[in-house]
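Read the structure below first, then the notes.
Throughout, a chain's letter reflects where its sequence line sits, starting with A, and its residues are numbered from 1.
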2 protein chains.
Amino acid sequence: MSDESVRLEEAREEFVTQWGIMGAQWGINRTMAQIHALLMTAPEVMSTDEVMETLAISRGNAHTNLKDLVSWGLIRIVTKKGERKEFFEAEKDVWEIFRRVARERKRREIDPALETLRNCKAASEDMKSAEGKAFHDQMGQLEDFVSFASKMGDRVASMQHGKAIKLAMKFFS
Amino acid sequence: MSDESVRLEEAREEFVTQWGIMGAQWGINRTMAQIHALLMTAPEVMSTDEVMETLAISRGNAHTNLKDLVSWGLIRIVTKKGERKEFFEAEKDVWEIFRRVARERKRREIDPALETLRNCKAASEDMKSAEGKAFHDQMGQLEDFVSFASKMGDRVASMQHGKAIKLAMKFFS
DNA sequence: ATCTGGTTTCAGTATTTACTGAAAGTTCAT
DNA sequence: ATGAACTTTCAGTAAATACTGAAACCAGAT
């Protein structure tokens with residue numbers, strides 16, 4: 001193996017490690033983030049066994065996290081003709097990755113949060129005390145904000161790369 | 001205690017619980033998020049003992065998380081004259097809360113991630129193989145994106161509420 | 001209908017993260 | 001300098017989370 005491929009593997013390993021740490025800080029399972037990093041930088045599709053081997057993890061663990069990544073839309077299953085095995089391939093376009101994460105987090109976390117805020121707001125709708133009114137008002141403010149974030153998420157998730165770039169320009173003008 | 005105050009306490013409890021769950025999903029310690037929710041909806045400043053009592057947690061736990069919240073700029077220490085005890089008060093303005101979280105996450109997580117991406121990019125700068133070039137390119141794309149996110153964070157963190165509203169209008173036009 | 005190459009599940013275990021409570025430390029009044 | 005009121009630390013423990021590996025399952029080839 002040439003010096004260059006060794007260096008490449010080292011760099012990749014560094015990336016996988018760091019992406020794992022970063023994921024953990026954002027509430028994503030470390031292994032899931034590592035598999036994602038691995039596939040994002042894989043020149044070819046990879047099988048479950050290759051992932052297991054590279055990261056030195058068990059079959060069950062690899063399986064669960066690969067399926068989770070599929071459910072997040074961050075990787076997809078590829079089948080080679082003639083082969084029974086499943087292979088995996090990551091979405092590599094950064095903007096697309098962002099869109100998908102935005103869409104899923106909105107669906108899984110923002111929307112339920114919004115629901116709660118609305119309940120809390122409704123529950124304090126008719127309160128007469130200053131404290132009750134203050135609480136109601138606070139819930140209202142939070143709801144407005146989170147609902148704004150939610151709409152943002154929708155908007156972003158449906159935006160094409162080019163459009164996003166233009167918007168970004170506007171933002172920094 | 002009137003019916004209304006009971007209902008208010010229930011609603012508040014619901015909010016505290018849910019805010020805790022939401023925090024956990026975003027990589028924030030559940031108790032920290034709960035204390036934050038509690039203080040955000042507190043009509044008055046609260047002491048460590050009151051927080052301990054309300055959430056049924058130990059002194060050490062309350063202390064650590066209160067200090068962490070202070071370091072995130074989400075609550076501040078208030079001293080009453082004549083009293084030796086420290087009291088805590090939350091920032092209640094939603095936009096301000098968002099700004100502070102954005103600023104801290106950028107500082108604590110985005111900037112270090114950027115550092116790593118730059119290293120990985122640099123390490124593969126001169127590679128000749130197609131794989132090496134692809135890796136370098138991928139790191140470049142990620143770096144551009146994260147660096148954009150970082151600048152976004154700065155921008156948002158330094159924006160006044162009114163300005164943000166105007167920008168939001170533009171966004172949805 | 002059985003075997004082979006593969007996927008999926010899950011009880012048990014390991015690891016990580018968070019929490020407790022008591023002791024040590026600090027600060028201020030006397 | 002002593003003590004009361006409060007804050008901080010941290011070793012030990014509990015709880016939550018993630019991982020393993022083996023068994024069950026499934027689909028297609030023979």
Side-chain angles (χ1 to χ4, degrees), chain A residues 16-39 45-72 74-89 108-109, chain B residues 16-39 45-72 74-89 108-109:
Chain A
V16 167
T17 304
Q18 290 299 131
W19 201 249
I21 292 170
M22 202 188 165
Q25 285 169 332
W26 288 82
I28 286 154
N29 162 319
R30 188 190 312 281
T31 304
M32 179 169 154
Q34 287 182 345
I35 298 180
H36 184 225
L38 191 65
L39 286 170
V45 297
M46 291 180 82
S47 66
T48 303
D49 294 74
E50 284 167 333
V51 170
M52 284 167 61
E53 164 125 9
T54 318
L55 298 177
I57 57 176
S58 74
R59 183 170 304 282
N61 193 10
H63 176 78
T64 310
N65 285 297
L66 282 165
K67 287 296 132 107
D68 280 357
L69 281 165
V70 169
S71 87
W72 276 76
L74 294 173
I75 66 174
R76 62 185 144 270
I77 298 172
V78 179
T79 44
K80 295 186 184 177
K81 51 186 169 184
E83 291 232 44
R84 207 135 118 204
K85 222 188 293 230
E86 288 183 338
F87 293 86
F88 301 90
E89 172 181 63
R108 298 175 190 222
E109 292 144 22
Chain B
V16 168
T17 304
Q18 290 300 130
W19 201 248
I21 292 170
M22 201 190 167
Q25 285 170 332
W26 288 81
I28 286 154
N29 162 320
R30 187 189 313 280
T31 304
M32 180 167 152
Q34 287 182 345
I35 298 180
H36 184 224
L38 190 66
L39 286 170
V45 297
M46 291 179 81
S47 66
T48 303
D49 294 74
E50 284 166 334
V51 171
M52 283 166 62
E53 164 126 7
T54 318
L55 298 178
I57 59 176
S58 73
R59 181 171 306 282
N61 194 11
H63 176 77
T64 309
N65 285 297
L66 282 165
K67 286 296 133 104
D68 280 357
L69 282 165
V70 170
S71 87
W72 277 75
L74 294 173
I75 66 173
R76 63 186 143 268
I77 299 170
V78 179
T79 42
K80 295 187 184 177
K81 52 185 168 184
E83 292 231 44
R84 202 133 121 208
K85 221 187 294 226
E86 289 184 339
F87 294 86
F88 300 91
E89 172 182 63
R108 298 176 191 221
E109 292 143 23

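Evaluation of the side-chain contact (heavy atoms from CB on, under 4.5 Å) rule for R84(B) yields no partner, not counting sequence neighbours. With sequence neighbours excluded, no residue forms a salt bridge (Lys or Arg N to Asp or Glu O under 4.0 Å) with K85(A).
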Strictly under 3.5 Å: I want the nitrogen or oxygen pairs between protein and nucleotides 5-7 of chain D, one per line.
unit_1: dA5(D); atom_1: N3; unit_2: R84(B); atom_2: NH2; d: 3.0
unit_1: dT7(D); atom_1: OP1; unit_2: E86(B); atom_2: N; d: 2.9

Please tabulate the protein-to-nucleotide N/O contacts below 3.5 Å involving nucleotides 15-19 of chain C, giving atom names and distances.
unit_1: dC19(C); atom_1: OP1; unit_2: T31(B); atom_2: OG1; d: 2.2
unit_1: dC19(C); atom_1: OP2; unit_2: N29(B); atom_2: ND2; d: 3.2
unit_1: dC19(C); atom_1: OP2; unit_2: T31(B); atom_2: OG1; d: 3.3
unit_1: dC19(C); atom_1: OP2; unit_2: N61(B); atom_2: OD1; d: 3.0
unit_1: dC19(C); atom_1: O5'; unit_2: N61(B); atom_2: ND2; d: 3.4

Please produce a list of atom pairs where a protein N or O lies less than 3.5 Å from an N or O of nucleotides 1-3 of chain C.
none

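Between the side chain of E50(B) and the backbone N or O of S47(B), at least one donor-acceptor pair lies under 3.5 Å. Within the 3.5 Å criterion, the main-chain N or O of N61(B) finds a donor-acceptor partner in the side chain of N65(B).
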Walk me through it: do F88(B) and V78(B) pass the test side chain to side chain contact (heavy atoms under 4.5 Å, CB included)? CA-CA 6 Å; F88(B) 300 91; V78(B) 179; over 6 Å; no

List the steps, then state whether side chain to side chain contact (heavy atoms under 4.5 Å, CB included) holds for M52(A) with T48(A). CA-CA 6 Å; M52(A) 284 167 61; T48(A) 303; 4.1 Å; yes

Test side chain to side chain contact (heavy atoms under 4.5 Å, CB included) on E89(A) and L39(A) and set out the steps. CA-CA 6 Å; E89(A) 172 181 63; L39(A) 286 170; over 6 Å; no

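Look at NZ on K80(A): it is 16 Å from C1' on dG5(C), rounded to the nearest Å.
At a threshold of 4.0 Å, the pair E86(A)-R76(A) does not count as salt-bridged, since none of the basic side-chain nitrogens sits closer than that to a carboxylate oxygen.
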Indicate every side-chain donor-acceptor pair of residues 20-35 of chain A with a distance under 3.5 Å to a residue at least two apart or in another chain.
unit_1: W26(A); atom_1: NE1; unit_2: E109(B); atom_2: OE1; d: 3.3
unit_1: N29(A); atom_1: OD1; unit_2: T31(A); atom_2: N; d: 2.7
unit_1: N29(A); atom_1: OD1; unit_2: M32(A); atom_2: N; d: 3.0

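Using modelled atom types and a 3.5 Å distance limit, the side chains of S71(A) and R108(A) yield a donor-acceptor pair.
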